[in-house]
Amino acid sequence: MFLIPLHHNLKKMIDPNVRVRFAPSPTGPLHIGGVRTALYNYLFAKKHGGKLILRVEDTDQTRFVPGAESYIIESLAWCGIEFDESITVGGPHAPYRQSERKDLYQQYCIQLIDSGHAYYAFDTPEELEELRKNAEKIKKTFTYNTESRKNLYNSLTLSEEEVKRLINSNVPYVVRFLIPENTEIAMDDIIRGRVVVKSETLDDKVLFKSDGMPTYHLANIVDDHLMEISHVIRGEEWLPSLPLHILLYQAFGWNLPQFAHLPLLLKPDGNGKLSKRDGDRLGFPVFPLQWFDSKCGEISSGYRESGYFPDAFVNMLALLGWNPGTEQEIFSIDELVQAFSLERVGKAGSKFDPEKTKWFNHQYLIKKTDQELAVEYQPFLKEKGVEVNIKLLKKIIGLVKERVNFVKELWEETYFFFHSPEAYDEVVIKKRWKPDSPEQMTSLAEMLKSVDDFSTENIDVAISVWLEKNQFGMGAIMNALRLLLVGASKGPHLTDIMAIIGKEETLHRIHKGVQTIK
RNA sequence: GCUCCCAUCGUCUAGUCAGGCCCAGGACGCCAGGUUUUCAUCCUGGUAACAGGGGUUCGAAUCCCCUUGGGAGUACCA
């Protein structure tokens, strides 16, 4: 019996110890790059039967934006990304908001000071700013590092008594990490392989701010450890701080999680990271949901409001930086879960392509049933003051859905089913409306009157008999007739339209058109 | 400037780890033809890339080095 391989594979894939987190900062709306990071975390967790945690990193009180937190949750929910542990559903490691875990970080900070891995620094922001400016003047960058810390105002240079005195007299201070001298830090990244840096190139980052809050670096490591995070999957912008993070884990004596730094999403034209501006400039949404900035009153468009289907949006995002290695492009979220692996995430940044995003939406739209589309289309029709029964609407949609990318575009392809043309396209008149057209059309109307069962098939037969009898060309007649019925040179099969709008309306449109077009 | 990361069609990418099956495959876009009473869909075809230079090798898109280009980071932001 050869049962072992299958069983073995299954066992290897399913790992309940997999715990990943998405850790946004509530400083504004989440842009599609952030959504993709969340998505990859989700896919990875699901694939391995592990857990996905949402942790809000709100340690910078000055940048807090009201509504950002709920925006993030709503956006991801729209994408179908659900969390096993979060600020809303709770979990064994609650609270999941760092501002609510404030007291926790202090003890870890003290632990680092006591073990000699961190120190107090009393330099004011103004003093440091001054040093940076001076360094800039001679084309250098000031860094608080192994060299400069020897000449600055900190517990390394000050006497123990002086440090105590300063702290007791409430002089503001920060805690900085003491970067070790002359060591190399080796980092293993699932996507990038091994990266080695020298400790001299690092600076003594602030771990604890003078306002009593930890910085990202401290809070992040402490929480990832406490929350038993197994894999840290985040954007490439964090790669430069990875050595610091590794050093932090080592200073605490904790086991390292595995790291995977995702490539960035780049703007469609030119170079650089995708930003809100690009969306405004090139006319595509950068955010999953519409966002209203109460500060400046600006509205940024969202994929949801623009008419994208969440599954199409997710599908597009998944393929931006990851690929399955096969030629399959259309994936349901469950298929993505099955196919996903961090090993197949590329290293280079991806330029975002708004055109292909539309194509994805089109693929999902044509896959939907007429029933589903009819339900989604109804609100648009209501807005136009059109009432139509669902059975007929399904039929109409079936005729035109291949032509559109979005539900909202259905109107341009279907309005003529609901009312007679308000105008006739001048270009088409010039091309299709001949001197004998009025007479021909009137004669055609007369003939159509006698078609009792006004079905597509019957009309087709009646017209071809009539054309034969009068020796009229199919092209000339049908194009002129389309002009009268639709008002333009577009739309599905003409007799399908006629059957749907009915005999009376067809005759009405012919007579009205003949009178209107001169 | 410094540190780190990256480099295949215009774009997303396969192929790179285990060099020959690749004068490089797919998709989006674009162009042309076909189907069609219109427009669109659809079908067929086409367009178009291994950044450059050195090595290593019988053989390199694939390995190594350099150059160039791009990106990120360089805050008491995350």
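As the structure is a prediction and not an experimental result, all values here were calculated from the model. By convention in this document, chain letters (A, B, ...) are assigned in the order of the sequence lines, proteins followed by strands, and residues within each chain are numbered from 1.
- Among the atoms of the strands shown, only primed sugar atoms or phosphate atoms (P, OP1, OP2) are found under 4.0 Å from some heavy atom of Val195(A).
- Closest to the side chain of Glu402(A), out of C42(B), C39(B), C28(B), is C42(B).
- Contact check on Glu412(A) versus Lys490(A) returns a salt bridge, with a Lys/Arg side-chain nitrogen under 4.0 Å from an Asp/Glu carboxylate oxygen.
- In the set C4(B), C76(B), U74(B), C4(B) carries the atom at the smallest distance from any side-chain atom of Val197(A).
- Computed from coordinates, the Glu200(A) CD to C2(B) P distance equals 17 Å when rounded to whole Å.
- A78(B) atom C1' lies 13 Å from atom NE2 of His261(A), rounded to whole Å.
- For Glu327(A), whose side chain is taken as the heavy atoms from C-beta onward, the closest listed nucleotide among C5(B), A75(B), G26(B) is G26(B).
- Separating the CH2 atom of Trp359(A) from the C1' atom of C30(B) is a distance of 16 Å, rounded to the nearest angstrom.
- Two rings, from Tyr40(A) and Phe340(A), have their centers less than 6.0 Å apart.
- When the C1' atom is compared between C58(B) and G69(B), the two are found 34 Å apart, to the nearest whole Å.
- In this structure, CG of Leu365(A) is placed 13 Å from C1' of U41(B), rounded to the nearest angstrom.
- Under the rule for a salt bridge (charged side-chain N to carboxylate O under 4.0 Å, His left out), Arg132(A) has no partner lying at least two apart in sequence or in another chain.
- Distance check on atom C1': U11(B) versus G52(B) gives 23 Å, rounded to whole Å.
- Residue Arg482(A) places none of its side-chain N or O atoms closer than 4.0 Å to OP1 or OP2 of C39(B).
- In this structure a side-chain-to-backbone donor-acceptor pair under 3.5 Å is missing from Arg482(A) to Ala488(A).
- Closest approach to the Lys209(A) side chain among G73(B), A78(B), C4(B) is made by A78(B) (side chain taken as heavy atoms from C-beta onward).
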Can Phe142(A) and Glu136(A) be said to form a side chain to side chain contact (heavy atoms under 4.5 Å, CB included), step by step?
CA-CA 8 Å; Phe142(A) 166 77; Glu136(A) 217 170 297; over 6 Å; no

Between Arg194(A) and Asp189(A), does a salt bridge (Lys or Arg N to Asp or Glu O under 4.0 Å) hold up when you go through it step by step?
CA-CA 6 Å; Arg194(A) 171 157 285 216; Asp189(A) 186 280; over 6 Å; no

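- Put simply, Thr215(A) has no side-chain N or O that comes within less than 4.0 Å of OP1 or OP2 on A75(B).
- Nucleotide C30(B) has G46(B) as its partner under the Watson-Crick or G-U criteria, with both atom distances under 3.5 Å.
- Below the 3.5 angstrom threshold, one finds a donor paired with an acceptor across the side chain of Thr141(A) and the base of G1(B).
- Of the possible polar contacts, none joining the Thr495(A) side chain to the Met498(A) backbone as a donor-acceptor pair under 3.5 Å is found.
- In this structure, Pro263(A) reaches neither bases nor backbone, as no heavy-atom distance under 4.0 Å exists between it and the strands shown.
- Across all strands shown, nothing is found opposite A18(B) as a Watson-Crick or G-U wobble partner with both distances under 3.5 Å.
- Between C23(B) and C9(B), the two C1' atoms lie 15 Å apart (nearest whole Å).
- The CD-C1' distance, from Glu184(A) to C4(B), rounds to 14 Å in whole Å.
- Across A27(B) and A49(B), the matching C1' atoms stand 15 Å from one another, rounded to whole Å.
- The pair Glu69(A)-Arg97(A) meets the salt-bridge criterion, since a charged nitrogen lies less than 4.0 angstrom from a carboxylate oxygen.
- Atom-to-atom, CD1 of Ile191(A) to P of G71(B) comes out at 21 Å; the value is rounded to the nearest Å.
- Phosphate contact (OP1/OP2 of G73(B), side-chain N/O of Lys273(A), threshold under 4.0 Å): present.
- The P atoms of G46(B) and G25(B) are separated by 11 Å, rounded to the nearest whole Å.
- Panel note: side chain Ser443(A), backbone Glu439(A); no donor-acceptor pair is recorded below 3.5 Å.
- Taking the C1' atoms as reference points, G15(B) lies 48 Å from C76(B), given to the whole Å.
- The partner of A61(B) cannot be assigned: no Watson-Crick or G-U wobble pair with both contacts below 3.5 Å exists in any strand.
- Note on Thr59(A): only backbone sugar-phosphate atoms sit closer than 4.0 angstrom, heavy atoms only; bases stay farther off.
- Looking only at side-chain heavy atoms (C-beta outward), Glu184(A) and Val197(A) stay at 4.5 Å or farther from each other.
- Using a 4.0 Å heavy-atom distance criterion, Gly473(A) is classed as making no nucleic acid contact.
- U41(B) sits 14 Å from G34(B) when the C1' atoms are compared, rounded to a whole Å.
- Toward the 5′ end of RNA chain B lies the nearest nucleotide of Thr201(A), the other residue of the pair Thr201(A) and Leu264(A) mapping further downstream.
- Set against A40(B), G73(B), G29(B), the side chain of Glu237(A) has G73(B) as its closest nucleotide.
- You'll find that the side chain of Val174(A) is closest to C76(B), out of U74(B), C39(B), C76(B).
- Without hydrogens or angle criteria, Asn154(A) side chain to Arg149(A) main chain gives a donor-acceptor distance under 3.5 Å.
- Using a 4.0 Å heavy-atom cutoff across all strands shown, Asp123(A) reaches at least one base atom of the nucleic acid.
- Look at NZ on Lys140(A): it is 15 Å from C1' on U3(B), rounded to the nearest Å.
- Between A78(B) and Arg63(A), no contact under 4.0 Å exists linking OP1 or OP2 to a side-chain N or O.
- Nucleic acid contact for Leu494(A): base, since at least one base atom lies under 4.0 Å from a heavy atom of the residue.
- Closest approach to the Glu236(A) side chain among C5(B), U41(B), G26(B) is made by C5(B) (side chain taken as heavy atoms from C-beta onward).
- Rounded to a whole angstrom, the distance from the P atom of A51(B) to that of C77(B) is 41 Å.
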Anything under 3.5 Å between a protein N or O and an N or O of nucleotides 7-14 of chain B, put it in a table, one pair a line.
unit_1	atom_1	unit_2	atom_2	d
C12(B)	OP1	Lys351(A)	N	2.8
C12(B)	O2'	Leu319(A)	O	3.3
U13(B)	OP1	Gly321(A)	N	2.7
U13(B)	OP1	Ser350(A)	OG	3.2
U13(B)	OP2	Ser350(A)	OG	3.1
U13(B)	O3'	Asn323(A)	ND2	2.8
A14(B)	OP1	Asn323(A)	ND2	2.5
A14(B)	O3'	Arg344(A)	NH2	3.2

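- Nearest-nucleotide assignment on RNA chain B puts the 5′-proximal partner with Gly475(A), out of Thr143(A) and Gly475(A).
- Pair check for U3(B) finds A72(B); Watson-Crick or G-U wobble, both atom distances under 3.5 Å.
- Listed pair Arg194(A) / C17(B) fails the phosphate criterion, with no side-chain N or O lying under 4.0 Å from OP1 or OP2.
- What separates CG of Leu218(A) from P of C76(B) is a distance of 14 Å, to the nearest Å.
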